[in-house]
Amino acid sequence: MSTTLGAPRPDPADYMLQAAASAVGRDYKQELMGLLDVQPGQTALDVGCGPGTDLPTL
């Protein structure tokens with residue numbers, strides 16, 4: 001584990017996975033997907049800004 005000023009710093013991908021799995025993270029993702037309103041036949045592009053947990057939903 002890396003440190004910043006002597007304090008342990010979590011792995012960024014692990015942190016994002018834990019945040020997405022929390023109740024707040026799940027609510028946020030559900031709201032986000034609703035606002036995106038992706039419909040069958042449309043194309044979505046994941047630009048690699050996270051662990052890819054939204055891809056199955058998209």
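We use all heavy atoms of the structure for the numbers below, so side chains are in, but hydrogens, waters and symmetry mates are not. Nothing fancy with the numbering, it's 1 onward along the sequence. Values in this document were obtained by computation on a predicted structure and should not be read as measured data.
Closest non-hydrogen pair, Asp37 versus Gln42, comes out as O-OE1, 3.7 Å. The two residues Lys29 and Asp54 make their nearest non-hydrogen contact at NZ-OD2, 3.0 Å.
Here the CG-CG distance, from Leu32 to Asp27, works out to 12.5 Å after rounding to the nearest 0.5 Å.
Both Val38 and Met33 belong to a single network of hydrophobic side chains, linked directly or stepwise wherever heavy atoms of I, L, V, M, F, W or Y lie under 4.5 Å apart.
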